[in-house]
Protein chains: 2
Amino acid sequence: MQTPTYIFTDDFSGFEEVFKAAPHRRVSFEKGDSLWASGQPFSPIYYILSGTAMTCIHHEEGRRKILSFHGRGTVFPVYHANQFKIERSIVTQALEEVEALEFTGAQFRGMMQENFSFTDAVIDWYASYVNLLLYETAHQEYNSALLKLCNLLYLLSDKKGGPDDRQIHLSQEELADVLAVNRVNLSRHLSRLRQEGIISTGRKQIQVLRPDLLADFCSSETV
Amino acid sequence: MQTPTYIFTDDFSGFEEVFKAAPHRRVSFEKGDSLWASGQPFSPIYYILSGTAMTCIHHEEGRRKILSFHGRGTVFPVYHANQFKIERSIVTQALEEVEALEFTGAQFRGMMQENFSFTDAVIDWYASYVNLLLYETAHQEYNSALLKLCNLLYLLSDKKGGPDDRQIHLSQEELADVLAVNRVNLSRHLSRLRQEGIISTGRKQIQVLRPDLLADFCSSETV
DNA sequence: CGACTCATTGACGTAGCTCAAGGTATGTGG
DNA sequence: CCACATACCTTGAGCTACGTCAATGAGTCG
């Protein structure tokens, strides 16, 4: 039974050879580059070979909401036929150097038509994205800022790895922009968790010292 | 360029004959019935022949979030292979008598594999649902309760119809549960709009008198 | 070393939540 | 058709979590 993920990776890496064999354009982006011009509905589709990109939506009042992160072996945006107004506000930026293969919608659709297990992967991707968004809209929305934060830290920290792997390399501003809470308020809740010995904080990094105690703070929809 | 929709209808009605020809079970639900037992991840898929159903998520603290409405000619839930934890909290209820055709995931996947234009419809459905959820997570989240309400009224009211069609037959509690705001607070904002002559309210119904003035209150992501 | 960006802490305002009481349609059974 | 119950709606008063503004501190980099 799956919990939400903010970080997409390797959900298409089984098709890397298919991507390389299909007609495409090879592209690379420097840190900070946008994958497409902002203000436009998106049209190309990227399969990421290496690097990480971050997708966010800019609100007309000047805020931004960070939606998800896309690493190697995944695709963004995923194929769809219709254009939506909100796409114009969506921006995907490289957080580090990104190497990718670029496809048109028609090329991508052709690959789905030829290979139905590829279509399965597309459906899986959509289902995961819907799951993340449902979690945010229908669950996190009702939680206090502290609970939201604990849930996010829990989901972002790598439960499998050792203590050194349980680091989250995001600034407080970025965390605040994922949760749609105020940066100052977020800082206060982080100090609380720091005082309780659950995390330690540094510049652009948070380490989860006690995942067990953190889990106690989280909602049952999360752990 | 599409704006979000809360009410899904007729996005699969072009395939009604395909549904009827495929192996299925015919089912009907009385007003108030759930389409599947609550607390379970869902497994059957329904094509709705008539009636309307409402999907909501129950939060562990006792609140509920109304997600979407599903009328004739649409499908819910749409096919996916993985199971997600949050599905256990999702309930879809008949708002009136619902006649539907029930399919298993395997049957549904078979139909997608046989008929690629059916797969196109599934992708369109997912894209619309993601669009709605992005709108809620990344746009409405940052709006004040009044702006949220105006946006919702605008999206729910039938812009094509005449004055009598611009009625919304939902209780204030249901509207509040769509917007994740307090019922009392919602009532106050409705009185404001009533005082401005934009809407008239009654028991379980709101009529939009001046769609033009309402649009002025809405955000640009909505109109 | 200076100029960033990032993080912390305090003081204060307010939108929205909660509790509570009362009002008004709608439906039902006698 | 009326009495009563029930759901739905309205309005008031007070609280609080979060947002905003502002000033200061603490890493990092050229």
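The figures that follow rest on heavy atoms only: side chains count, while hydrogens, waters and symmetry mates do not. Values in this document were obtained by computation on a predicted structure and should not be read as measured data.
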Next on the checklist: Can you measure A:Gln172 atom CD to D:dA26 atom P for me and round it to whole angstrom units?
Outcome noted: 15 Å
Checklist entry - Does the side chain of B:Arg194 get closer than 4.0 angstrom to OP1 or OP2 of D:dT10 through an N or O atom? => result yes
Next on the checklist: Under 4.0 Å, heavy atoms only, any strand: does A:Asn185 hit a base, just the sugar-phosphate, or nothing?
Outcome noted: sugar-phosphate
Checklist outcome for this item: Only residue of A:Asp177, A:Leu190, A:Val184 satisfying side chain to side chain contact (heavy atoms under 4.5 Å, CB included) with A:Gln172 is A:Leu190
Item to check | Value in whole Å for how far the P atom of C:dA15 lies from CG of A:Asn182 | outcome: 16 Å
Between the protein and nucleotides 14-16 of chain D, list every N/O to N/O distance that falls short of 3.5 Å.
none

Checklist entry - Closer than 4.0 Å, any side-chain N/O of B:Ser171 to the OP1 or OP2 of D:dA7? => result no
Checklist entry - What's the NE2-C1' distance between B:His189 and C:dT14, to the nearest Å? => result 12 Å
Next on the checklist: In this structure, how many angstroms lie between the P atom of D:dC18 and the CG atom of A:Leu149, rounded?
Outcome noted: 11 Å
Next on the checklist: Counting only side-chain nitrogens and oxygens, does B:Thr201 get under 4.0 Å of the OP1 or OP2 atom of D:dC9?
Outcome noted: no
Item to check | Salt bridge present between A:Lys65 and A:Glu136 (N-O < 4.0 angstrom) | outcome: yes
Checklist outcome for this item: Whole-Å distance, A:Glu61 CD to D:dT20 P, equals 11 Å
Next on the checklist: Looking at A:Arg194, I want to see if its CZ is surrounded by more than 12 non-hydrogen atoms of other residues, nucleotides or ligands under 6.0 Å.
Outcome noted: yes
Checklist entry - Between B:Tyr46 and B:Thr92, does any side-chain donor sit less than 3.5 Å from a side-chain acceptor? => result no
Checklist entry - Under 3.5 Å, is there a donor-acceptor pair linking the side chains of A:Gln140 and A:Asn151? => result yes
Checklist entry - Taking CD from A:Glu141 and P from D:dC18, how many angstroms apart are they, rounded to a whole number? => result 13 Å
Checklist entry - Which part of the nucleic acid does B:Val181 contact within heavy-atom distance under 4.0 Å: base, sugar-phosphate only, or nothing? => result sugar-phosphate
Checklist entry - Between C:dC17 and B:Arg63, is there an OP1 or OP2 to side-chain N/O distance shorter than 4.0 Å? => result no
Checklist entry - How many Å lie between CD on B:Glu173 and P on C:dT18, as a whole number? => result 12 Å
Checklist entry - If you pin B:Arg203 and A:Ser187 to their nearest nucleotides in DNA chain C, which one's is more 5'? => result A:Ser187
Next on the checklist: Here's a test of your reading of the structure: between A:Ala145 and A:Val184, which maps to the more 5' nucleotide of DNA chain D?
Outcome noted: A:Ala145
Item to check | Spatial distance of atom OG (B:Ser219) from atom CD (A:Glu61) [nearest 0.5 Å] | outcome: 9.0 Å
Next on the checklist: Can you tell me which nucleotide in D:dA22, D:dT28, D:dC8 comes closest to the side chain of B:Lys204?
Outcome noted: D:dC8
Checklist entry - Taking atom P of D:dG19 as reference, at what distance in whole Å does atom CG of A:Leu186 sit? => result 10 Å
Checklist entry - Would you say the ring centroid of A:Phe19 lies under 6.0 angstrom from that of A:Phe103? => result yes
